[in-house]
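Structure record follows, encoded as structure tokens.
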Amino acid sequence: MTRPVGVATPTQHDEVLERRQQFRAEMRAALGRAPRVLLISANPNVTTFVSPYGLEILAAALVAELDAEVRILDPFLPGAIDFALTAQILRFKPDVIGINFRNLDIAYVADIDSKKILSRSCVPTLRTVLARIRQAGFARTRILLGGGGFAAASADLLRAFDLPYGVIGPGAEAITRFVRAVVLQTSMEDVPGLVTAEDEGRPRRPADATWDNDLVPLCSVPHRTILRERNVFFPLRTSSGCGLRCSYCIEGRSQAKKARARAAPRIAEELALIQSQGATRVMLADGELNVLYSDVYEHALRLLAEAGLGWRAYCLSIKPAPELLRAMQRSRCEGILLTFDTAADSVLSQIGRPGTVASMVAALDSYAAAKLPVTVSLLFGLPGETNATVAQTLALIRSYPGVKFTYSCGARIYSNTPLAEHARRHPEHVYRDDLNDPLGVAVYSEPGPPWELAALLRGALRDTPNAERFW
């Protein structure tokens, strides 16, 4: 009998218990107490309120592995005292501070009228958080920076703020081993996903999500209360990792390369937890919901249906298995999000996306026939874009008047992606909001400036109500 991915064998279970006993004994011997870890969410909630799900998973790991005393702090939580951060550090006296930096910028737009890239950077937020930490006299060698925004520009951020360490990828094992190395004053070589400025975004030891998948988050009560009061989607993972390697995207580089399903009991346990917190809607926080050939998705959707919870998810743009499609229909689906980017195979091949336009359209047809609510996202201006490929994508939009399409003009260039390397070879297609800021917004756009693309599309889609511009 094949054992499902993510389910521990008895031997593995014993190994985990032995490791945890060892780690906890080491902490008590070195400190005479449990280690104290402060986890900070350096993310202003300007658009949609988001719970610090990643930090909640890290907190669960630190408690399970090290019996640590952990606090999650969000200076941007509604009603929080403005940056009372220095005082809280001085009171708590953490041994380590972990910082989640989710986004480099909240939004950018190619403005048609000014012919400029307009953006709202999140870097000043991180700068303020780090300034408060330094006011408390906290050693920079005890700070670990992570999150999607960090993964997008790790070397530039470490240099800009004179920090020695960051982590790219799943963080549960990384934060645990980092705390252990700091407390025991040992080498950082065992920390998976660890990067320095010299590594240029390439971890010396890749991280995977084995530890993360086996944990139920240690939830931040203030955040979960706001999710309930605002009827916002609660996060829930059924799998982790992203097998896609789209040239422009940081998601596949900030997650483990190999997708792994979570064990069914863990999914059920977390679902029961968020139900007790008052959830009515769930965002399935997988990179792509159906990336694995596994029945974990059908199982999770059955649980959601039994609980009467609504859900939405990003789905891989491939035709879903019949069993998965039926499970979606039987549950309260509030939205399936498909990323097409383009309707031209020539552009897909340039950006490294697997599959073909025909396979993506087959997926769309399946969801539409099942009468499931679908939104397709498109990204104009990618490498290989021409007037002809733009016309192909416009034809796709017009062929599906009952499907919602959102589109953006120009691809955000993140330094740790293949698109950044392509842009260095083709600087004539790069447009910036600030020529002198390495952490500013840079956009790639072919065949012309992104604001020209935006103007063209605005005219072409004027009478197409199912299409709207996202950026």
Q: Using distance alone, with no hydrogens and no angle criterion, decide if Glu26 and Gln22 have a side-chain donor and acceptor under 3.5 Å apart.
A: yes
Q) Got Tyr165 and Val191 here, is their nearest side-chain heavy-atom distance under 4.5 Å? A) no
Q: Step by step, work out the side-chain contact (heavy atoms from CB on, under 4.5 Å) result for Val182 and Asp95.
A: CA-CA 8 Å; Val182 166; Asp95 299 293; 5.5 Å; no
Q: Report yes if some heavy atom in the side chain of Ser220 is under 4.5 Å from a heavy atom in the side chain of Ser51; otherwise report no.
A: no
Q) Is Asp199 paired with Arg202 through a side-chain N to carboxylate O contact shorter than 4.0 Å? A) no
Q.
Quick check for you: to the nearest 0.5 Å, what is the distance between Leu145 atom CG and Arg140 atom CZ?
A. 13.5 Å
Q) Taking 4.0 angstrom as the limit, do Asp214 and Arg260 come out as a salt bridge? A) no
Q.
Is it the case that the side chain of Thr125 and the backbone of Ala42 share a donor-acceptor pair, with hydrogens and angles ignored and the cut-off at 3.5 Å?
A. no
Q. Quick one: does Arg281's side chain get under 4.5 Å of Asn231's, heavy atoms only?
A. yes
Q.
If you apply the rule side-chain contact (heavy atoms from CB on, under 4.5 Å), what do you find for Ile72 with Leu218, and how did you get there?
A. CA-CA 10 Å; Ile72 295 177; Leu218 188 63; over 6 Å; no
(Q) Restricting to ring-ring contact (aromatic ring centres under 6.0 Å, His included), what partner residues turn up for Phe23, sequence neighbours left out? (A) none
Q.
Measuring from atom SG of Cys315 to atom CG of Leu289, what distance do you get when rounded to the nearest 0.5 angstrom?
A. 4.5 Å
Q: Please step through side-chain contact (heavy atoms from CB on, under 4.5 Å) for the pair Leu66 and Val37, ending with a clear verdict.
A: CA-CA 10 Å; Leu66 305 177; Val37 182; 5.8 Å; no
Q: Give a yes or no on whether the backbone of Ile274 and the side-chain of Arg224 come within a donor-acceptor separation of less than 3.5 Å.
A: no
Q.
Within the 4.5 Å heavy-atom criterion, are Thr176 and Leu62 side-chain neighbours or not?
A. yes
Q | Check: Glu288 side chain, Leu316 main-chain N or O, donor-acceptor pair, under 3.5 Å | A | yes
(Q) I'd like to know if the side chain of Thr86 and the backbone of Arg132 have a donor-acceptor N/O pair within less than 3.5 Å. (A) yes
Q.
Looking at Asn213, is its backbone amide N or carbonyl O close enough to the side chain of Arg262 to form a donor-acceptor pair, meaning the two atoms are under 3.5 Å apart?
A. yes
Q) Can a salt bridge be assigned to the pair Asp212 and Arg237 using a cut-off of 4.0 Å between side-chain N and carboxylate O? A) no
Q: Check whether any side-chain heavy atom of Cys122 sits under 4.5 Å from a side-chain heavy atom of Asn43, and report yes or no.
A: no
Q. Just by modelled atom types, is the Ala34 backbone N or O under 3.5 Å from a matching donor or acceptor in the Asp67 side chain?
A. no
Q) With distance as the sole test, does Arg36 use its side chain to make a donor-acceptor pair with the main-chain N or O of Lys93 at under 3.5 Å? A) yes
Q.
Quick one, Ser331 with Trp311, criterion side-chain hydrogen bond (donor to acceptor under 3.5 Å, both in side chains). Give me CA distance, side-chain angles, the key distance, then yes/no.
A. CA-CA 8 Å; Ser331 57; Trp311 64 273; 2.8 Å; yes
Q: State plainly whether the residues Arg205 and Glu189 are in salt-bridge range, i.e. N to O under 4.0 Å.
A: no
Q: Answer yes or no: is there a donor N or O on one side and an acceptor on the other, between the side chain of Arg353 and the main chain of Leu348, under 3.5 Å?
A: no
Q. Does the side-chain hydrogen bond (donor to acceptor under 3.5 Å, both in side chains) test come out yes or no for Asp433 and Ser119, once each step is laid out?
A. CA-CA 7 Å; Asp433 64 344; Ser119 64; 2.6 Å; yes
Q. Could you give the distance from CG (Leu126) to CG (Leu104), rounded to the nearest 0.5 Å?
A. 9.5 Å
Q.
Quick check: do Glu298 and Leu301 have side-chain heavy atoms less than 4.5 Å from each other?
A. no
Q) How far does CG of Leu439 sit from CZ of Phe161, to the nearest 0.5 angstrom? A) 7.0 Å
**Q.** Heavy-atom pair with the smallest gap, counting every atom of Ala174 and Pro170
**A.** CB-O, 4.2 Å
Q) Between CD of Glu323 and OH of Tyr297, what distance do you get to the nearest 0.5 Å? A) 14.5 Å
Q) Does some side-chain heavy atom of Ser445 sit less than 4.5 Å from a side-chain heavy atom of Tyr431? A) yes
Q: Walk me through it: do Ile175 and Val167 pass the test side-chain contact (heavy atoms from CB on, under 4.5 Å)?
A: CA-CA 9 Å; Ile175 189 72; Val167 64; over 6 Å; no
**Q.** For the student: nearest non-hydrogen atoms of Ile117 and Val441, plus distance
**A.** CG2-CG1, 3.8 Å
Q.
Would the distance check show the side chain of Thr280 and the main-chain N or O of Leu309 forming a donor-acceptor pair, the cut-off being under 3.5 Å?
A. no
Q: Taking all non-hydrogen atoms of both residues into account, name the closest pair between Ala181 and Ser187 and its distance.
A: CB-O, 3.7 Å
Q.
Is there a side-chain contact between Trp211 and Arg177 in this structure, where contact means two heavy atoms from C-beta onward sitting under 4.5 Å apart?
A. yes
(Q) Take a 6.0 Å sphere around CZ of Arg432 and say whether it holds more than 12 heavy atoms from other residues, nucleotides or ligands. (A) no
Q) Nearest heavy-atom pair of Pro235 and Leu227: which atoms, and what distance? A) CD-CD1, 4.2 Å
Q) Is Arg425 paired with Glu421 through a side-chain N to carboxylate O contact shorter than 4.0 Å? A) yes
Q: Locate the shortest heavy-atom distance separating Ala313 from Leu284; write the atom from each residue and the value.
A: CB-CB, 3.8 Å
Q. Are Glu65 and Arg180 within salt-bridge range, i.e. N to O under 4.0 Å?
A. no
Q.
Quiz question: by atom type and distance under 3.5 Å, do the side chains of Asp341 and Tyr248 form a donor-acceptor pair?
A. yes
**Q.** Heavy-atom pair of closest approach, residues Thr339 and Ser317
**A.** O-OG, 3.1 Å
Q: Could you tell me whether the side chain of Glu173 and the main chain of Asp208 form a donor-acceptor pair under 3.5 Å?
A: no
(Q) Once rounded to the nearest 0.5 Å, what's the spacing between atom CG of Leu85 and atom CG of Asp74? (A) 10.5 Å
Q) Would you find more than 12 non-hydrogen atoms of other residues, nucleotides or ligands less than 6.0 Å from Tyr314 atom OH? A) no
